[in-house]
Amino acid sequence: MAVIAEVRELGRHVGEEVTVRGWIQTMRSHGRIGFVVLRDGSGIVQAVVGQKDVSPRIWDRFQALTQESSVLLTGLVREDARAPGGYELTVRDLVLVGRSEDYPIQPKEHGVDFLLDRRHLWLRSSQQRAVLRVRNEVEQAIHDFFYARDFVRIDTPILTGAIGEAATTLFEVDYFEQKAYLAQTGQLYVEAAAAAFGKVYCFGPTFRAEKSKTRRHLTEFWMVEPEVAWNDSADNMRLQEQFVAYIVERALERCRNDLAVLERDTTALERVTPPFPRLDYSDAVKMLQERGSEVEWGEDLGGADETMVSESYDRPVFVYNYPGAAKAFYMKENPADPRTVLCDDLLAPEGVGEIIGGSQREDDYDRLLARIREEKLPEEAYGWYLDLRRYGTFPHAGFGLGLERTVAWICGRAHIRETIPFPRMLYRLYP
RNA sequence: UGGGGUGUAGCUCAACGGGCAGAGCGGCCGGCUGUUAACCGGCAGGUUGCAGGUUCGAGCCCUGCCGCCCCAGCCA
């Protein structure tokens, strides 16, 4: 009875007979010899079957294999430069576990719609596996970064009352004959927790019922939102650049292979080291106007404007202190220029655009209440949020980083839909 | 929601200015002992998104509808 081995550890079994378990990725038959590439999740290995080396029964079984059939392969592990992965299995025994009939995804080009309809199978493809492994590494890096800095993770509710940033549309659900909404941010809740723990973050799914159909929007996406008591806007940006640099570094360190599978040119990522350039909103508008943009002071930057700014730098760039009218109600007024608020957007290079939105929060009770009324928000829903300014208010700042946008940038994918296992978009709820 | 595209074999795409609907891949059959998206020969595979219109004749032109893609707005 051969020992069961994972493909990633085959190097330790050279000269031994092992059994590997997995799925047939590709196969090539050649008369009296044949090759299959087996995937087990830990890696891929080429297995060779020679007609003279196996019984006629095994040979017939091999001839009948199809793409994505699940199998047990038993054989001798050899080093072989001709095999992808460097190791090869000379098959002695083959057990068919589950036959795959007419697998729809070929090792060829397919349209995006076709693939998304079969997302449950598309996940098996090598580039999709690479993207999702990078996502996994980024998620782990996020937790490690904050854990090492003594942040406390706070899980914020997904079912909420009418509270959030209000500008965006919320998904409404029936909550025991009451209206509830899927959370569009955990920020307001981590602000509460910051007064309990000092440094906190939340990391979970958020929901936006916007009818956007662009390469950088999903209706369900994951966002990490740190919140730090006593931090001002400048502290906030310093934390952001350290955070982003750490995530990129981890991906470069631990996902070399995946980035190679994705044919990602990593030179642009190697440059992502602090400090990131900082551009005052007003200077950004001036620069954009000189380059022919129609943007006027007071407006938010459009997608084309963001691209123009980010293309002027070789690493992520902060644009800070936007006009208050263009931003959310909770951002703190800039004492040096009350038309603006203490906030920042972090724009990733290579035309990726915004991956972080952050700000120092309004900590003055009266000014915050005035802003809630200006925006005509349901005041009664914000009672607890105002309490944070009534019982020991404190300066604090935080930000939200979009996980999918960050992964798309690191992986060099044009569209963020490939960076989440099962994307939720306008008109797509299946599979 | 607005603007621009697109829809032809299971998949990816061809088809002159309106004139017999095709290829590659995949499938099936056969051949081949070192393939790397193998190769060679053969076979099957179509209501050209749907409904109407113009025309001797429509995959192609016109109208409506539907799906999808890209861009904009909103944002992460």
Side-chain angles (χ1 to χ4, degrees), chain A residues 25-37 44-53 59 63-64 66-67 78 80-86 88 90 101-118 125-126 164-170 184-187 203-225 240 244 294 299-307 322 326-328 345-348 352-358 399-409 414-417 419-420 425-428:
Chain A
Q25 192 161 288
T26 57
M27 51 180 304
R28 290 175 284 276
S29 175
H30 248 285
R32 288 179 185 70
I33 191 171
F35 303 88
V36 298
V37 174
I44 57 167
V45 63
Q46 173 164 280
V48 196
V49 185
Q51 189 175 20
K52 68 174 171 50
D53 302 326
W59 180 252
Q63 295 282 76
T66 54
Q67 191 190 357
R78 289 185 296 101
D80 194 317
R82 293 170 293 187
E88 196 171 70
T90 306
E101 205 79 54
D102 297 324
Y103 187 72
I105 300 176
Q106 302 169 25
K108 306 276 295 182
E109 304 229 338
H110 290 286
V112 160
D113 195 43
F114 176 86
L115 291 167
L116 284 174
D117 280 340
R118 293 155 185 81
S125 304
S126 57
E165 301 178 13
T168 48
T169 327
L170 299 162
Q184 56 162 214
T185 172
Q187 181 208 311
F203 188 18
T206 54
F207 306 88
R208 306 262 166 107
E210 296 154 357
K211 302 210 166 175
S212 14
K213 295 194 287 186
T214 78
R215 65 194 170 81
R216 41 179 207 287
H217 287 90
L218 296 169
T219 53
E220 178 181 318
F221 65 98
W222 282 60
M223 183 157 66
V224 52
E225 297 176 279
Q240 288 167 48
V244 168
E294 310 256 295
E299 296 170 1
D300 208 344
L301 266 38
D305 295 322
E306 286 187 357
T307 304
Y322 284 68
K327 288 290 178 181
D345 283 353
L346 182 66
L347 309 181
V352 171
E354 184 175 350
I355 57 170
I356 283 182
F399 62 91
L401 173 133
L403 177 65
E404 288 77 14
R405 287 184 182 180
T406 304
V407 174
W409 165 47
H415 201 299
I416 67 172
R417 64 194 153 199
T419 65
I420 187 167
M425 300 181 292
L426 191 59
Y427 311 130
R428 185 171 289 283

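We name chains A, B, ... by the order of the sequence lines, and we start the count at 1 in each one.
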Residues A:H415, A:V112; criterion side-chain contact (heavy atoms from CB on, under 4.5 Å); working and verdict: CA-CA 11 Å; A:H415 201 299; A:V112 160; over 6 Å; no
Remember a base hit wins even if backbone is also touched, and classify [X] as base, sugar-phosphate or nothing at under 4.0 Å, heavy atoms.
| X | result |
| --- | --- |
| A:G357 | sugar-phosphate |
| A:R118 | nothing |
| A:G111 | sugar-phosphate |
| A:G34 | nothing |
| A:Q46 | base |
| A:I356 | sugar-phosphate |
| A:F114 | sugar-phosphate |
| A:T406 | nothing |

Write down the atom of [X], the atom of [Y], and the distance for their closest heavy-atom approach.
| X | Y | answer |
| --- | --- | --- |
| A:V37 | A:R28 | CG2-NH2, 4.1 Å |
| A:L218 | A:E404 | CD1-CG, 3.9 Å |
| A:Y322 | A:D300 | CE2-OD1, 3.3 Å |

Please state how far atom [atom1] in [X] lies from atom [atom2] in [N], giving the value in whole angstrom units.
| X | N | atom1 | atom2 | answer |
| --- | --- | --- | --- | --- |
| A:W409 | B:A76 | CH2 | C1' | 14 Å |
| A:E354 | B:A76 | CD | P | 5 Å |
| A:E299 | B:C74 | CD | C1' | 14 Å |
| A:E306 | B:C71 | CD | C1' | 15 Å |
| A:R405 | B:C74 | CZ | P | 12 Å |
| A:L116 | B:C11 | CG | C1' | 15 Å |
| A:L403 | B:C75 | CG | C1' | 16 Å |
| A:R208 | B:G73 | CZ | P | 16 Å |

Heavy-atom side-chain contact between A:F221 and A:R208 under 4.5 Å: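 Touching, per the 4.5 Å side-chain cut-off.
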Any side-chain heavy-atom pair of A:E354 and A:E306 under 4.5 Å: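 They are in contact (side-chain heavy atoms under 4.5 Å apart), so the answer is yes.
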Contact state string [nucleotides 37-50 of chain B, B base, S sugar-phosphate only, - no protein heavy atom under 4.0 Å]: BB------------
For atom [atom1], what is the distance between [N] and [M], given to the nearest Å?
| N | M | atom1 | answer |
| --- | --- | --- | --- |
| B:U6 | B:C43 | C1' | 33 Å |
| B:G49 | B:G41 | C1' | 36 Å |
| B:C61 | B:U48 | C1' | 16 Å |
| B:C69 | B:G17 | C1' | 29 Å |
| B:G7 | B:G18 | P | 16 Å |
| B:C65 | B:G2 | P | 11 Å |
| B:G34 | B:C29 | C1' | 25 Å |
| B:U63 | B:G3 | P | 15 Å |

Distance below 4.0 Å between A:H415 side-chain N/O and B:C69 OP1 or OP2: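 Checking A:H415 against B:C69: no side-chain N or O falls below 4.0 Å of OP1 or OP2.
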I'd like to know if [X] reaches the base of [N] with its side chain such that a donor and an acceptor end up less than 3.5 angstrom apart.
| X | N | value |
| --- | --- | --- |
| A:R215 | B:C69 | no |
| A:E88 | B:G34 | yes |
| A:H110 | B:C11 | no |

Stem list, RNA chain B (Watson-Crick or G-U pairing under 3.5 Å, at least 3 consecutive pairs):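 If one scans RNA chain B for consecutive Watson-Crick or G-U pairs, the stems found are B:1-7 with B:66-72, B:10-13 with B:22-25, B:27-31 with B:39-43, B:49-53 with B:61-65.
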Candidate nucleotides [options], ranked by approach to the side chain of [X] - the nearest:
| X | options | value |
| --- | --- | --- |
| A:M223 | B:A76, B:C70, B:G73 | B:A76 |
| A:S212 | B:C69, B:C74, B:G26 | B:C74 |
| A:D113 | B:C68, B:U36, B:C75 | B:C68 |

Test item: A:Q67 side-chain N/O and A:I105 main-chain N/O as donor-acceptor pair under 3.5 Å: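 It does hold such a pair.
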Flag, side chain of A:R405 to backbone of A:R216, donor-acceptor distance under 3.5 Å: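 Pair found, side chain donor or acceptor close to backbone of A:R216.
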A:F35-B:G34 aromatic stacking (under 5.5 Å, under 30°):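 Not stacked: fails the 5.5 Å / 30° test.
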Pairs where residues 103-113 of chain A contributes a residue and the test side-chain hydrogen bond (donor to acceptor under 3.5 Å, both in side chains) is met, not counting sequence neighbours: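 For residues 103-113 of chain A: A:D113-A:R428.
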